[in-house]
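Here is the structure we will look at.
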2 protein chains.
Amino acid sequence: MDQNKIPQATAKRLPLYYRFLNNLNQQGKKRVSSKELSEAVKVDSATIRRDFSYFGALGKKGYGYNVEYLLGFFRSTLDQHEVTEVALIGVGNLGTAFLHYNFMKNNNIRITTAFDADTEKVGTDIGGVPVYDIHHLEEKLDDIKVAILTVPAVEAQVITDKLVEKGISGILNFTPARISVPKHIRVHHIDLAVELQALVYFLKHYSLDKPE
Amino acid sequence: MDQNKIPQATAKRLPLYYRFLNNLNQQGKKRVSSKELSEAVKVDSATIRRDFSYFGALGKKGYGYNVEYLLGFFRSTLDQHEVTEVALIGVGNLGTAFLHYNFMKNNNIRITTAFDADTEKVGTDIGGVPVYDIHHLEEKLDDIKVAILTVPAVEAQVITDKLVEKGISGILNFTPARISVPKHIRVHHIDLAVELQALVYFLKHYSLDKPE
DNA sequence: ACTGAATTGTGAAAAATATCACGACTTATT
DNA sequence: AATAAGTCGTGATATTTTTCACAATTCAGT
Ligand SMILES: NC(=O)c1ccc[n+]([C@@H]2O[C@H](COP(=O)([O-])OP(=O)(O)OC[C@H]3O[C@@H](n4cnc5c(N)ncnc54)[C@H](O)[C@@H]3O)[C@@H](O)[C@H]2O)c1
Ligand SMILES: NC(=O)c1ccc[n+]([C@@H]2O[C@H](COP(=O)([O-])OP(=O)(O)OC[C@H]3O[C@@H](n4cnc5c(N)ncnc54)[C@H](O)[C@@H]3O)[C@@H](O)[C@H]2O)c1
């Protein structure tokens, strides 16, 4: 939209910076250097300065960054002033864990609606979130733009198609299935089994190398 | 160790390839082209061919790849012939979900041991995995080299230090804390709140751009 | 055997990301 | 006021990753 020039790698680090700035602010810290931040978030200090620089000159030479100012800046950049509502599809092991988690703590994101096919689960409240029947997706999804997908892999594509039809913009997909969507819709995959296996692979083949 | 030349980006995709090859094999498919694979895993076909090429010439020009051969090759490359034992620390919402999940299905990885501080949980079996008291980490960790960390963020560093002392090689860290470890130890972070927030950020600022 | 369609493996180019290194500026101290 | 220590912002460079594009090869059909 507005800042199409910001590299994706940078954009992915912004929420991380935001969280640590929040911590610092709560600890009453007034200023912070890229070096300090670097040690906290394990990102090279030059990378941090470069990342920040895409948004202009946010710091002061010889001084560092003013925590409060930087935090305020990122709050608006990350749209932390408004709550983003998210739907969760598939209230199983993983889905239930997410429903119990409070994403509001650091991020203004709230899972407001959940769906499942299991009649045992439909009608219940989990972590304060109502669970609706997946067949009522049409009516209950409202204008929610982001969905978390934690259904069995075989169901992933069918449900995705429904979400797309209903006008979803982004999907956080935890199933191992690589879902197909029209290209204006954004899908991020978090594939836990792959992550675990990749870690094991790195251990066996890259020992003593620098960590990621 | 042996193949230090393989790019990290490639290494991270290997488990994904492996899983899809497994699917194809189970479906009785005998051959596959990089183009087909590309559509299934959503990775550019040239990238797939390049990835495979680091391991030598695995395919045949004009034909594609033999599924069974490729699968066998990756099985040994990814050490799928031997089971990797993993410990899980923190049997809460997220930890419990993982204990119920069968990582053996596609990957020869098994969570064999879990630890928690809560006396209610200690002594129970969850998903067939015994939960030990965190104070018995010393005795019960044995020679497990990989740990999944799903404890509260404030506990993350303390427990990490214990794991390091006990000789762990890799940690899959789900806490928002950025833990410090000696540099021969590998840590992969999966930061769910960051992932969700990053997705939201992309939706607001990169609409209509190509998905990741 | 020949032809045409399919597909690999890879050199070369492009794009994306990370890091180095330093001039310019700020603050604190004497 | 001068000096020293600290730190940013960024041009330049290095590294990593992706993509293009095509010669070489294989296969299937005639
Ligand atoms: N649990 C883990 O640790 C883990 C790890 C890696 C990957 N995953 C993946 O995450 C996904 C969820 O895993 P899980 O362990 O929570 O599975 P689960 O079986 O516990 O939960 C799946 C839920 O989806 C519901 N469901 C089934 N069909 C549905 C439909 N058509 N519409 C709506 N809901 C439907 C089920 O009723 C169930 O509640 C799976 O794809 C799994 O492969 C899970
Ligand atoms: N649940 C989610 O959806 C979610 C999302 C994002 C991040 N996280 C992060 O994942 C981690 C786990 O989340 P959760 O929701 O499962 O939390 P949880 O509170 O449900 O579970 C934490 C578990 O760790 C145990 N524990 C506490 N101190 C311990 C210690 N010293 N040694 C061993 N065990 C100890 C607790 O008894 C509890 O069982 C947290 O750091 C959280 O921030 C969770």
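Chain letters run A, B, ... following the sequence lines, proteins first and then strands; every chain starts at 1. Just so you know, these numbers use all the heavy atoms, side chains as well, and skip hydrogens, waters and symmetry mates.
The side chain of A46(A) has dC20(C) as its nearest neighbour among dT17(C), dT8(C), dC20(C). The listed nucleotides are dT18(D), dT19(C), dC8(D); the one nearest the side chain of R13(B) is dT18(D). Closest to the side chain of S33(B), from the set dA12(D), dC20(D), dT7(C), is dT7(C). Checking dA18(C), dT10(C), dA12(D) against the side-chain heavy atoms of A9(A) singles out dA18(C) as nearest. Side-chain proximity of D44(B) to dT17(D), dC20(D), dT8(C): nearest is dC20(D). Picking from dT17(C), dC20(C), dG9(D) the nucleotide with the shortest atom distance to the side chain of P7(A) gives dT17(C). In the set dT18(D), dG9(D), dC20(C), the nucleotide with an atom closest to the side chain of A57(A) is dG9(D).
Not one side-chain nitrogen or oxygen of T47(A) sits closer than 4.0 Å to the OP1 or OP2 atom of dA18(C).
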Would you give a per-nucleotide map of nucleotides 23-30 of chain D, 5' to 3', where B means the base has a protein non-hydrogen atom under 4.0 Å away, S means only the sugar-phosphate does, and - means neither?
-BBBS---
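Between the side chains of T84(A) and K145(A), no donor-acceptor pair of N or O atoms lies under 3.5 Å. One side chain, D161(A) or Q157(A), offers a donor N or O that lies under 3.5 Å from an acceptor on the other.
The local environment of NZ in K162(B) is crowded, with over 12 non-hydrogen atoms from other residues, nucleotides or ligands closer than 6.0 Å.
Interface residues of residues 64-76 of chain B facing DNA chain C, ordered by number: G64(B), Y65(B); criterion, heavy-atom separation under 4.0 Å.
No side-chain donor-acceptor contact under 3.5 Å links D142(A) to the backbone of I144(A).
Using a 4.0 Å heavy-atom cutoff across all strands shown, S34(B) reaches sugar-phosphate atoms only and no base atom.
Aromatic ring centres of H188(B) and F202(A) lie closer together than 6.0 Å. A distance of 6.0 Å or more separates the ring centres of F74(A) and Y201(B). Proximity of the aromatic rings of F103(B) and Y101(B) is defined here by a centroid distance below 6.0 angstrom, and this criterion is met. Aromatic ring centroids of Y65(B) and Y17(B) lie 6.0 Å or more apart.
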Working for side-chain contact (heavy atoms from CB on, under 4.5 Å), residues R110(B) and V86(B)
CA-CA 6 Å; R110(B) 186 160 44 192; V86(B) 174; over 6 Å; no
